[in-house]
Structures are given as structure tokens and as C-alpha cells.
2 protein chains.
Amino acid sequence: MGAPVNPGRVTSVDVARHVGVSQSTVSRTFSNDSTVAPETRRKVLQAAIELGYTPNAIARSLSMQQTLIVGIMVAHSSSPFQPYAMEKLIQGLQRIGRQALVFTPGPDQEFDDVLPIVLQYQVDALIVTAATLSSERLSDFERKGTPVILFNRYTPGEATSAVCCDNIEGGRMVANLLLDAGHKRLAYIAGNQDSSTNRDRMKGFTDRLWERGAIKPLVEQAGYTYEEGYAAARRLLARDDPPDAIFCAGDIIALGALDQARDAGVKVPQELSVIGFDDIPMASWSAYSLTTVREPIDEMIDLTMQLLVERLENPDTEPVIKLLPGTLVRRRTARLPGS
Amino acid sequence: MGAPVNPGRVTSVDVARHVGVSQSTVSRTFSNDSTVAPETRRKVLQAAIELGYTPNAIARSLSMQQTLIVGIMVAHSSSPFQPYAMEKLIQGLQRIGRQALVFTPGPDQEFDDVLPIVLQYQVDALIVTAATLSSERLSDFERKGTPVILFNRYTPGEATSAVCCDNIEGGRMVANLLLDAGHKRLAYIAGNQDSSTNRDRMKGFTDRLWERGAIKPLVEQAGYTYEEGYAAARRLLARDDPPDAIFCAGDIIALGALDQARDAGVKVPQELSVIGFDDIPMASWSAYSLTTVREPIDEMIDLTMQLLVERLENPDTEPVIKLLPGTLVRRRTARLPGS
DNA sequence: ATAGGCTATGCATAAGTATGCAATAGTGTT
DNA sequence: AACACTATTGCATACTTATGCATAGCCTAT
């Protein structure tokens, strides 16, 4: 190639020449697991420090046919849950010796537009936390043998693994709590309609209400933002028959609803119970003290890493969908049973 | 190499063979800017689709000596500002055709432990938003010709570029606002002590107070978390001579301070003004309506990308430190001048 | 008709590392 | 002393794409 050789670039060949061994030996020294004489290893490492040599992960990736890079697709989201989960995911990947190449479609970008680039970078696997995605594109990955894991969402019947909180059961828990506390006029503020998360929380909630003979809850549409929660709660509270309890599809919506209640002079929890879902850090702040369902985020991360490693080590592993139970966290925005 | 050839892997050679041209022609077709006959290009693209070919970015990186990957080091931080900035940075990178390899040191990990891995991946540049870092390690990057840009922090006198809000001027603006409103007993709640951000905000604040002849403010130490802000405000309000205005090193601290004031029955802004810094999304929520200094985040991102591109295109560009002015956002937690 | 010039393509090689196989040296056995 | 082994090391090549240089057409002008 005619490109000028970067004189500052130190390669394994330079180290080899400096020590008087072959490039193979340098490579084996840095691969650790090979058979290199202790004395040779010492000399190689010594020379590497002197020359300022660092192994080239790109070249290794090309040669080994694996990059140790995992792609993460995060949706744009105003909920703090996404970045929170992302940080944990990245740290989880580092723990299993992988790096995170992160993609977030911009406001004017489609999820599908970004996927080809992810493919080009030969990621060993892909973790998707984006709410909406057309699964057609994802089959490109499976065809290539690249495992895809959905995080905090799932699509039943697809050939992709998923790790998710048991949102249906979570919704049922909330229904039980509210009915036990004697609430009669219930409402649900929905998040993005096309997310499985929102669907399941609502389904568990309404199913359980039905089973226990309660009337159908009011439903208001929102998205996972504070502002939409605020606005949706306003619509609910302005009704002639306002609800006495609101279950929100996410904490961030619930915080908006709480502020709406406060601004409207509605006392929480005496006149209105508000329950969220996720248990984001803000939920525990004293200004809110939100009763909510906690997602078992650490367990979800650990399980995701486990599935990842399994599928990387044994590509024939079948995709699985794992649901982990959430925990009801009783704080001060919901009436207690018997009060 | 003895490793079994992955039969599912489609390379430019396969496409070339299928069309009956050379591998070079396929490469040139996907490089776009070269001279390939329209008819040939069409056939190549057609074959690529049929065979499911995607250019291999890893191989391209090796050959071209540039990866189009930019590393981002984010510190663990409980402030929502960090993930917010990170999302914008990633999108900014995508806009200029780069990918983001993100590193966040875990709780038990040092910043310096992660840097060698970043180096191995041959990132074209590195953006650092971590609060604390030993700049010795960063010289490895400069030696290798890899530009480093500090985001939202800077170290004067180092050979690294930086893009930062003008925190000193911001602190001065807050001092002026509080003095103009007639406040007498001022306090500052500090963030992490070793961050330039915290230092400068405090310096601007106290300098301006001094210039205008006000007495020295009380200073409480905290970190960039809600809980520490809450606790620090408690210590301040429990004094015999509690302050009538608190300037907090960051919004998240200010929100904690506000909740402390509310819990302690101190009326805001009648008895106490609270001012933050950053203008995170939560600052505008009706529960808080925090008066604060807005960081010009979009401009900061754009400028960062511009510096990046400049230094990548012309490696001899000198490192620069850019300070962008913040804007005072008056909401409802600070007394207005003349009231 | 032939030289000159332009376009489109192919050839050969470089980027840096990993690894199967062969080769070498050194140790112990009989 | 010859043979069998083991522990190290080197050689050669593969991974996939980019690109300088050479070449084959083909058109224009003289």
C-alpha cells in the first residue's frame, strides 16, 4: 500500500525485532495462554514497555473473526431509566471482557437506518433497548450468526432472546394493591403504545381487575415523559368522575401525574393514589416518595451477560425469553390496604 | 490460518467472483468516490444484495489506518447531566460519520485501568467527560497522535483541547443576581472537589461577591447527587445563622436542597433562594421550577465535533480550550431583584 | 492511420495479528 | 549412545479491504 507508514506506530514486529524473536512469539506473549518461556515473556514485555507497544485490537479482530465488541441500540428516551440501564449494560459488558459500541438514532433518524452500520462493524452481538423496531432488519443479524438480545422488551415468537421484567405480573400486583386499599375508580396512564412494556403492564393490571370483578379502568394515552404524564393526569382529574387511583406505565409519567395532582390541589394519597413502574432513582426522593414496582435491574444485567456468553460460546443455543419478577416498593403515594 | 472458514461470511471477493470483476472494483464501488462505470456499479450492488454482502468495517479500519471510532469516557455519575450529554455526543458523532465506543469505569474500577483498552481499539479520538483523571495516561494518546478532547471540564496548561461552559462567568452571574435581590447571608454547596467545573463555579461566585463587597459565603461540601445536596442543605439550615440564599454547584444538588427546605418548612423563595447550574430537564418541572444557569449543550456538542474534525483532518492543529457562555434561567426558586 | 489522452479495470501488496505445522533444542530412558 | 518426548520457537499464511501503478480499450486530432 502506498500510504505513508506512520513512524510512531509500534507493532508486534518492532517488538520482535527489538528482542530478537519472531512476531509469533510476541503475539503469543500477549495472548497469555500460550507456551512462552518465562524468560522470553519477560524480555518481550520489557521491550513492549520500552517501545510503547500496545496490541492492535482491530488487527486481532480481523484475524480472530471476533471483535469483542457488542453493539447497544438505545432509543431516544426522556425517561432516566434508559441511560441508567445503559450505563449498567456497558459496565456488565466490560466485566465479561467486551466493549460497547453504542448507537442512538437521532430525532430525525430511524432505527433501521442505523442497523447497517452496526452490521459493518462486525459486532459479536447486539443488545437492543429501543422501544420500537421492525424485526425484519434484525434477521440480518441472525443470518450472520450474530446473537441479538432484547433488553426490557420482547417480541414473542421471534428468534431473538430477551430479558425483561415480568410486566404482566407487575401490573397484577398493582391491581391487587389498589383494590385491597379500597379504590374504586381506577385509571391507567399508558406509555408508548407499541412497546411490549406498556402493553404488558396494562394487560396485567386490567386482567387482574377483571378477575376481581372491578370495573374497567379509565385509560389515558401518554408517552414516557414527565410532560405527557402531567398532561394525561390533568385530563383525568378534570373529569366529572375523576379516578381515585392512577397506575402509570412508568415512573417518569407518575412523577408528572403527581405534580399535576399537587398543582390541582388534589391530596396524595388521601384523595388520590399514584403508582409508577421502574423505580428510577428519583422515585425515592422525598419530594415524591413514589410507590412503584422495582425492576430487578442488576439481575437483568447479569442474566443478559450470561445469555450473551452462552450464545457466543455455543452458537447453536436456542433463543430464550427470560422474565424476572419485579418488587412492589411501598412508599407514600398510595393508600395502604385497610386505611 | 487453520480456523474453519465461516461459510456464511460474504466478502468483497465473493461479490467480485459473482459479477466477474476484480475485488478492487467491488471495493471502489462501495467507496463511492472512485471511477466505476455506472453499469458495473449497478451489477456489483445488485450482486451485493443477492449475496447479502456488507463491507467489513474492521478490515477497512486496518487497511485505512483509521477506524472512524471515537472513544467516550464517561464517569459514573448520579447526575442526569452526564447521560444526557452522552446521548447528545453519540448523536453528534454519528452525524459526522463516526461511531462511539463508550467506556465507563465501574464502581471498583479506576479511570486509568480502562485507558489501555481504549488505546488497543485504535480510536481516532477520545472524548473525556469523566470528572477526575490523571492526565499522565492521556499523554499516551497524544504520543500516538490521537486527539483528546475534554468535555465539560478542562485542565489548563495541558496539551488537550477542551470544550466547556464558562463556569466562572456563570458563578459571577449568580452572585450578581443574588446580591441584586438583596440577599445577605449567602452559601455555596460544592460538588466534587477535584472537578474544574466545581472549582470555577465557586471561584466566579466568590470572586464576584468579593468585588461587590459582600461577606464570604458559607461553603458546604457535597458531591453531584441529590442525597448529598439534601444533607448539605440540612447542615446549612440547621445553623444559628442560616443562609438566605444557596448557590449549588449543580442542579441535582439544588433539587436536594429544595426538598430539604420544603421538609424543613423553609419557604422558597420568600425565606430562601436556591440556584442551581446545568439546567437539566428536571429543573423545569413544576415541582421544582428551579432558577439555574443553562449550559449551552447543543453548542458545546457542535463545537466539540468541529474541533474533532479539524484535528483529524489536520493533526498539527494546536489544542484549544473553548469556553461557551451559559444563560441565566429565572424560574421560581430565587427572589427577583427589587422584591 | 497513428500518436496522445482519457476511462475503467485488474494486479499486487500493505495494514497488524493469530495459529497450524514444522523444526529445534534439551531432558530422560534403556 | 540412540531414541522418545516435551517445551519453545519460527515460518508461512489467513483474516478483508484499500490503493498505487500498469494496462486495455476507445476516442479525437492531426
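Protein chains get the first letters and strands the later ones, always in sequence-line order, with residue 1 at the start of each.
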Would you mind reading off the distance between [X] atom [atom1] and [N] atom [atom2], rounded to a whole angstrom?
{"X": "A:R17", "N": "C:dG16", "atom1": "CZ", "atom2": "P", "result": "11 Å"}
{"X": "A:L68", "N": "C:dA18", "atom1": "CG", "atom2": "P", "result": "11 Å"}
{"X": "B:L119", "N": "C:dG16", "atom1": "CG", "atom2": "P", "result": "15 Å"}
{"X": "A:L62", "N": "C:dA15", "atom1": "CG", "atom2": "P", "result": "14 Å"}
{"X": "A:Q122", "N": "D:dC15", "atom1": "CD", "atom2": "C1'", "result": "11 Å"}
{"X": "A:Q23", "N": "D:dG10", "atom1": "CD", "atom2": "C1'", "result": "10 Å"}
{"X": "A:R28", "N": "D:dA12", "atom1": "CZ", "atom2": "C1'", "result": "12 Å"}
{"X": "B:M64", "N": "D:dT19", "atom1": "CE", "atom2": "P", "result": "5 Å"}

* Contact class for A:V26 (heavy atom, under 4.0 Å): base, sugar-phosphate, or nothing? -> nothing
* So what does A:S27 touch, heavy atoms closer than 4.0 Å: a base, only the sugar-phosphate, or nothing? -> base
From [options], pick the nucleotide closest to the side chain of [X]?
{"X": "B:S63", "options": "C:dA18, C:dC11, D:dT17", "result": "D:dT17"}
{"X": "B:S22", "options": "D:dG10, D:dT17, C:dG10", "result": "C:dG10"}
{"X": "B:T40", "options": "D:dG10, C:dA8, D:dT17", "result": "C:dA8"}
{"X": "B:Q65", "options": "C:dA15, C:dT19, C:dC11", "result": "C:dA15"}

* Asked: Can you list the residues that meet the salt bridge (charged side-chain N to carboxylate O under 4.0 Å, His left out) rule with B:K43, with sequence neighbours excluded?
  ->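 Checked B:K43 against salt bridge (charged side-chain N to carboxylate O under 4.0 Å, His left out); zero matches.
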* Set of salt bridge (charged side-chain N to carboxylate O under 4.0 Å, His left out) partners for A:E299, sequence neighbours left out ->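 Not a single residue meets the salt bridge (charged side-chain N to carboxylate O under 4.0 Å, His left out) criterion with A:E299.
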* Any donor-acceptor pair under 3.5 Å joining the side chain of B:T35 to the base of C:dT9? ->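 No such pair is found, so the answer is no.
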* To do: Kindly indicate whether the side chain of A:S24 and the base of D:dC11 share any N or O donor-acceptor pair separated by less than 3.5 Å?
  => yes
Just by modelled atom types, is the [Y] backbone N or O under 3.5 Å from a matching donor or acceptor in the [X] side chain?
{"X": "B:S12", "Y": "B:V26", "value": "no"}
{"X": "A:D124", "Y": "A:V70", "value": "no"}
{"X": "B:N192", "Y": "B:D194", "value": "no"}

* Note down the inter-axis angle between the two ends of the helix from C:dA1-D:dT30 to C:dT30-D:dA1, five pairs each, to the nearest 10°. =>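 End-to-end axis angle: 50°.
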* Does B:S12 make a side-chain N or O approach to OP1 or OP2 of D:dT16 shorter than 4.0 Å? ->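 Answer is no, no contact under 4.0 Å.
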* Asked: Between B:S31 and D:dT17, does any side-chain N or O lie under 4.0 Å from OP1 or OP2?
  ->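 Negative; the distance criterion is not met.
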* Asked: Testing A:I149, A:L115, A:L150 for side-chain contact (heavy atoms from CB on, under 4.5 Å) with A:L126, which one passes?
  ->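 So the option named by the test is A:L115.
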* Asked: Which residue pairs satisfy the salt bridge (Lys or Arg N to Asp or Glu O under 4.0 Å) criterion with at least one member in residues 55-67 of chain A, sequence neighbours excluded?
  ->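 Counting only pairs at least two positions apart or across chains, no salt bridge (Lys or Arg N to Asp or Glu O under 4.0 Å) contact touches residues 55-67 of chain A.
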Can you tabulate the close N/O pairs, meaning under 3.5 Å, that link protein atoms to atoms of nucleotides 22-28 of chain C?
none

* Sub-4.0 Å heavy-atom contacts from residues 46-61 of chain B onto DNA chain C, ordered by number -> none
